[in-house]
Amino acid sequence: MNVASVIVDVPAMQTDRTYDYSIPDEWKGSIVPGMRVVVPFGPRKIQGFVIELKEKGEVSKLKSIVEPMDLIPVLNKELLALGSWLTEKTLCFKISAFQAMLPAAMKAKYEKFLRLEEGRNPGELHLSLQRFFQDGKEVSWNAIEESGMLTLVHKEVKNGSVEVIYRVKAKGNKKTVRKLYLNVPIDQVDEVKDGLPPQASKQKQIIEYMLDAAPGGDGILASALTEVMATTSSTIKSLVHKGILVEKNVEVYRDPFENKTFEKTFPLSLTSQQEEAIRPILSTIDQEEHHTFLLYGVTGSGKTEIYLQSIQRVLEEGKEAIVLVPEISLTPQMVHRFKGRFGDDVAVLHSGLSVGEKYDEWRKIQRKEVKVVVGARSAVFAPFENIGIIIIDEEHETSYKQEENPRYHARDVAIYRGEFHQCPVILGSATPSLESFARSSKGVYGLLTLDKRMNDGPLPSVDIVDMREELRKGNRSMFSTNLFEKLQGRLEKGEQTVLFLNRRGHSSFIMCRDCGFVLQCPNCDISLTYHRFSNGMKCHYCGYEEGVPSTCPECTSEHIRYFGTGTQKVEEELTKLLPDARIIRMDVDTTSRKGSHEKLLTAFGEGKADILLGTQMIAKGLDFPNITLVGVLSADTMLHLPDFRAAEKTFQLLTQVSGRAGRHTLPGEVVIQTYTPEHYSIELASNHDYNRFYQQEMMMRKMGSYPPFYYITLITLSHEDLMKVVDISEKMTAFIRSKLSDTTIILGPVASPIPRIKNRYRYQCLIKYKREPNLGSTLKTVLDQFQQQYASQGLTISIDVNPYMMM
DNA sequence: AGCACGCCGACT
DNA sequence: GTCGGCGTGCTC
């Protein structure tokens, strides 16, 4: 095996294939598939993944691999195959699929240097370049670029005076600490000590301390030693110099949970309903079969305990478990439950960790130092090799769908891996996605139901308040009389309230009260939103920013003001109405700092505030006994989005939020304010009636030919020139239409809901199909031909199979 | 994606 | 004549 097939780190259509390289003798046998390597590619050096080994290359003259980047492959057989599967299913580049499966730290960084060619001296160079190349040092390309001397350098490179060096750097560094070890056998320590000069008292003390603190030959942190002994590094240095101590750099894991202890918890006894639900899971584990279960359990019905005990069984069989939770609910509370039960066997992967921390957690998984991983979407790629169960909590959450390439859904990946490992996949939710519930009704998934709350407590009572009615009665505030009175009541009783603001589609844009003018982004067809932090108007999509106008640019009226309700505005009004209330606000602004999310929640849990006011992020995981009132300020903002899942999302969110109230002994109340109280998603959420919502929504989906009745694929084209997108979109749609069967519905091309982003016009085509064996190859052709043909002209095509964002 | 190569217009 | 603009095509 002398040749390696490599996928190179160039995400482009033309390079989305393997390139063959010969393996230098010194690496023969150690370079294996799944390993990252540095390879020459054209004049550069870049990262690549070895896919397979073979005897001969496809072309006659092969370049050699420069060096491997790993000792052990980062992708095993299963993950390599999963990569190809992802590529095929999501139509992404192979390199993107591989990179999505690995922590960001493993993505290479590239650097470009210049160096004086051997045997030349600076004097031969152009005068203004000489200062850069003084003592044979490398000069970074950037430095030359900034000084505007690139053309001069180009010449020098051409005539052979200067050499360009390309270097691949690993992004993730292992963290190391300097440790000191006693380098003398115990029985000779006294001898050595006596051999020291009499004035070296500090050195003797250090030796004694080392004996004492690290008897078994364990090292001591160099930093700790200097601190404890109140000594300087020079003393230590001289001991090292004499060979009495040795210094080693030891790899350590960064510990995101440093200074935290997790109280050990033990399996709770299950209710009869839980027993019934867990039985099929356990038997699937025992039989080593693959089966997907939908665990449909109302809030507070004890789904987590089922997860925990299923994992327990898996661990007893010597296998591993993956638990996915939505990013937003990957709260310390959640982590506690798993760390509390399984202790150090748990690795945690979520976006709050630094690149280095994620890298460390990933390596713990790879080295089999943990048995359970709890994490967000990408944790589904955890490099375990003997998986016994995969659990997806809050299965309906849209954050399981990645909105950039590869546009995969964690649920699909989980089921792929479940089949590979012949293990169960558990999808848990109180409000399952229509897709999953439909599959369980058809028997594709096993349905496990928990419809009783563990404490047998009643579900909270829900009031729907018609805000139009409030307006008619002359109440122009954002709080209805009903909600306000209840709020006051809680304050008097010392109970807590959660106020939920659905920010989406409701953020603070600016509107002129006289002419209706709304301030828009000049580059994107979307309104600018007010950001208090920078006191400016900002675009969500391109980052454009401008000042807040004091008069309307259209009619010069001064009645231009914020519209919609941001959390800050609610807070202001709240302080005005209830000056004594202590309020904690949770939104992007107050939780952007690391750990602030947790701090605010803890404070609220400890009763340091009466009202918790926040956005989406408080809808989940909150479980405090003293919360007896939940208010939803405007339930219907999401309903008006151009998304066939709008009703489903609204229902899920309202159900979720309502579940925050009265989870323990005190009964809970929920007030939902809305302008469309008659909408079935709001009405049925208030009755906690998932089944009727499912029926109703299925009817709507059937009428609209949407999932789960049809699969959909969304193609979006964008280009600077409106005429061009329209033209190409039409040609493309005609081509697709000619290739697919006539039972398939093809909508468009039409302008996207956001017709322009970053000055690029966007057109889309929606394909709805039940069975379409030609779809994959047709779409590949579209990418191949149209992209190839128009990419140079600045056209981009994005294909989303099973989209969750229709914008 | 980069980067080189190559073919045309504007300059010392 | 040559410098440098960008369109074209290749990278094992």
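In what follows, every chain begins at residue 1, and chains take the letters A, B, ... in the order their sequences are listed. Worth knowing before you read on, the calculation uses all heavy atoms, side chains too, and leaves out hydrogens, waters and symmetry mates.
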Q) OP1 or OP2 of C:dC12 sitting under 4.0 Å from any side-chain N/O of A:Y21? A) yes
Q. With centres under 5.5 Å and planes under 30°, do A:Y19 and C:dC12 count as stacked?
A. no
Q. Within this structure, what is the NE2-to-P distance between A:H154 and B:dC5, rounded to whole angstrom?
A. 11 Å
Q.
Nearest whole Å is fine: how far is C:dT11 P from A:D16 CG?
A. 16 Å
Q) Tell me: CG of A:L150 to C1' of C:dG5, nearest whole Å? A) 16 Å
(Q) Side-chain N or O of A:K155 versus OP1/OP2 of C:dC3: is the shortest distance under 4.0 Å? (A) no
Q: Check step by step if salt bridge (Lys or Arg N to Asp or Glu O under 4.0 Å) holds for A:E163 and A:R115.
A: CA-CA 5 Å; A:E163 173 187 21; A:R115 194 170 61 195; 3.5 Å; yes
Q: Can you see which heavy atom on A:F384 is nearest to which on A:V370, and at what distance?
A: CE2-O, 3.5 Å
Q: Please determine, for the side chain of A:K63, which listed nucleotide (B:dC3, C:dC12, C:dT11) has the closest atom?
A: C:dC12
(Q) Looking at A:V3, is its backbone amide N or carbonyl O close enough to the side chain of A:E55 to form a donor-acceptor pair, meaning the two atoms are under 3.5 Å apart? (A) no
Q. With a cut-off of 6.0 Å (strictly less than), are more than 12 heavy atoms of other residues, nucleotides or ligands near NZ of A:K54?
A. yes
(Q) Check for me whether the distance between the ring centres of A:F41 and A:Y19 falls short of 6.0 Å. (A) yes
Q) Checking all strands, does A:F93 fall into the base, sugar-phosphate, or nothing category for heavy-atom contacts under 4.0 angstrom? A) nothing
(Q) At 4.0 Å (heavy atoms only), tell me whether A:K158 reaches a base, stays on the sugar-phosphate, or touches nothing. (A) nothing
**Q.** Between C1' of B:dG2 and CD of A:Q14, the distance in whole Å
**A.** 12 Å
**Q.** Protein-nucleotide distance (A:I46, atom CD1; C:dT11, atom P), rounded to Å
**A.** 13 Å
Q. Can a side chain N or O of A:Y166 be found less than 4.0 Å away from OP1 or OP2 on B:dG2?
A. no
Q. For the pair made of CD1 in A:I95 and C1' in B:dA1, what is the distance, rounded to whole Å?
A. 12 Å
Q.
Nearest to the side chain of A:L62, heavy atoms from C-beta on, is which of B:dC3, B:dA1, C:dC12?
A. C:dC12
Q: Mind calculating the distance between NZ (A:K112) and P (B:dG2) to the nearest angstrom?
A: 9 Å
Q. What nucleotide among C:dC12, B:dC3, C:dC10 has an atom nearest to a side-chain atom of A:R44?
A. B:dC3
Q: Return the value, rounded to whole Å, for the distance between atom CE of A:M13 and atom P of B:dA1.
A: 12 Å
